[in-house]
Amino acid sequence: MKTGKERRAVLLDLDGTLLDTNYLHTVAWWRALEDAGQRRPMAEIHRLIGMGGAELLETLLGQDDPDIKAAHGHYFSGLHPLIAPLPGAAQFVQEIKSQGGLAVVVTSATKDNLPVLLAALGVGDLIDLVVDGEDADRAKPHPDLFAMALQRTDVSAADCLALGDAVWDVQAAARVGVACVAVKTGGFSEGELRAAGAVAVYQSCADLLAHWSASPLADFLSQRD
């Protein structure tokens, strides 16, 4: 891998950004919570998708719960056959690579799910680095995973741009000084994403590609050394 002095990096979220999994996670958490006698409306759960499991439960219940996290993993694994890439996701990763950028996944997903998620994306071999939810003590919306990505790629915050679907992606990236472009495929509105600090919002990766020449990504990657 070339160093950050020679290339720029795009820090990519997986769930809800490149893969159509946010609502699968919602169902899995709903079932896990119900098993634990902690039933919550799916709409309430969905608002927290994109956080790490511990962060989601701490926000929802006031504390982490390893048993509920394990149950979520069990139910989500049963939904693996339904995982599919979002429109334009694979082509978007290909475009980053064709423009000479590093494609770096920064996700709250666990290591157990990564092989399935990357296989579903279909271009996992183009990913230069994966930082997952177990690579730091705290996941999104904390900045730890993004900080780890900067460290491992040896790329400065100024030479990175993030892509995410949730306010948690935007907030976590901002906390390490990385600007974030957002897509609406995770269920968050443009207003919510812009209020969190997104520098641009698109319907999907396909929409971003359709407007590539005017996007922050095109300008960002054209300025690499």
I'd like to know whether CZ of Arg31 has more than 12 heavy-atom contacts from other residues, nucleotides or ligands below 6.0 angstrom.
no
So which atom in Arg39 and which in Trp30 form the shortest heavy-atom distance, rounded to 0.1 Å?
NH2-CZ2, 3.0 Å
Separation of Ser215 OG from Leu208 CG (nearest 0.5 Å)
5.0 Å
Using side chain to side chain contact (heavy atoms under 4.5 Å, CB included), reason through Asp13 and Leu18 one step at a time and then give a plain yes or no.
CA-CA 7 Å; Asp13 176 58; Leu18 301 181; over 6 Å; no
Greater than 12 external heavy atoms within 6.0 Å of Asp125's CG:
yes
So Leu56 and Ile49, side chain to side chain contact (heavy atoms under 4.5 Å, CB included) or not? Walk me through it.
CA-CA 7 Å; Leu56 182 149; Ile49 299 299; 4.1 Å; yes
With heavy-atom distances below 4.5 Å as the criterion, would you say the side chains of Arg47 and Glu192 are in contact?
yes
State, yes or no, whether a side-chain contact exists between Asp169 and Lys140 at a heavy-atom distance under 4.5 Å.
yes
Sub-3.5 Å donor-acceptor pair from the side chain of Arg152 to the main-chain atoms of Leu129, do we have one?
no
Rounded to the nearest 0.5 Å, what's the gap from CG on Asn113 to NE2 on His80? Could you check?
4.0 Å
Say whether, by atom type as modelled, one donor and one acceptor occur between the side chain of Asp135 and the main chain of Asp132 under 3.5 angstrom.
yes
Quick check: closest heavy atoms across Leu161 and Ala179, and the distance to 0.1 Å?
CD1-O, 3.4 Å
Verdict with supporting geometry, Leu117 and Val105, side chain to side chain contact (heavy atoms under 4.5 Å, CB included)
CA-CA 11 Å; Leu117 296 174; Val105 166; over 6 Å; no
Quick one: do Lys184 and Asp207 make a salt bridge, cutoff under 4.0 Å?
no
Polar side-chain atom of Arg8 near backbone of Asp159 as donor-acceptor pair, under 3.5 Å:
no
Would you say Ser204's side chain and Thr185's backbone share a donor-acceptor pair under 3.5 angstrom?
no
Just wondering, do Asp67 and Asp35 contact through their side chains at under 4.5 Å, heavy atoms?
no
Distance in Å, Leu60 CG paired with Ile45 CD1, rounded so as to fall on 0.5 Å steps:
6.5 Å
Which distance, rounded to the nearest 0.5 Å, do you find between the NE2 of His142 and the CE of Met51?
8.0 Å
Which atom of Gly187 lies closest to which atom of Tyr23, heavy atoms considered:
CA-OH, 3.5 Å
For the backbone of Leu61 and the side chain of Arg40, can you confirm whether one donor and one acceptor N or O come within less than 3.5 Å of each other?
no
Provide the closest heavy-atom pair for Val104 versus Ala9 in the form atom of the first, atom of the second, distance.
CG2-CB, 4.3 Å
Specify the closest pair of heavy atoms between Val176 and Pro143, including all atoms of both residues, with the distance to one decimal.
CG1-CB, 3.6 Å
Applying side chain to side chain contact (heavy atoms under 4.5 Å, CB included), run through Lys69 and Asp64 and close with a yes or a no.
CA-CA 8 Å; Lys69 285 194 297 189; Asp64 189 11; 3.1 Å; yes
Nearest 0.5 angstrom please: Leu126 CG to Leu102 CG, how far?
12.0 Å
Taking all non-hydrogen atoms of both residues into account, name the closest pair between Phe146 and Ala162 and its distance.
CE2-CB, 4.1 Å
Given the rule that I, L, V, M, F, W and Y join up when any side-chain heavy atoms are under 4.5 Å apart, are Tyr75 and Leu57 in one cluster?
no
Students often mix this up, so state it plainly: with edges at 30° and 60°, are the rings of His72 and Trp29 parallel, tilted or perpendicular?
parallel
Taking the side chain as C-beta and beyond, is there a heavy-atom pair between Leu48 and Trp168 under 4.5 Å?
yes
Under the 3.5 angstrom rule, does the side chain of Glu55 hit a backbone N or O of Pro141 as a donor-acceptor pair?
no
Taking C-beta and beyond as the side chain, do Ser108 and Asp15 meet within less than 4.5 Å on heavy atoms?
no
Considering only distance and modelled atom types, tabulate donor-acceptor pairs under 3.5 Å from the side chains of residues 84-96, sequence neighbours left out.
residue, atom, partner, partner atom, Å
Glu95, OE2, Gln99, NE2, 3.0

Any heavy-atom pair between the side chains of Lys97 and Asp128 that's under 4.5 Å?
yes
With rounding to the nearest 0.5 Å, note down the distance linking OH in Tyr202 to CG in Leu217.
7.5 Å
Looking at Leu24, is its backbone amide N or carbonyl O close enough to the side chain of Thr21 to form a donor-acceptor pair, meaning the two atoms are under 3.5 Å apart?
no
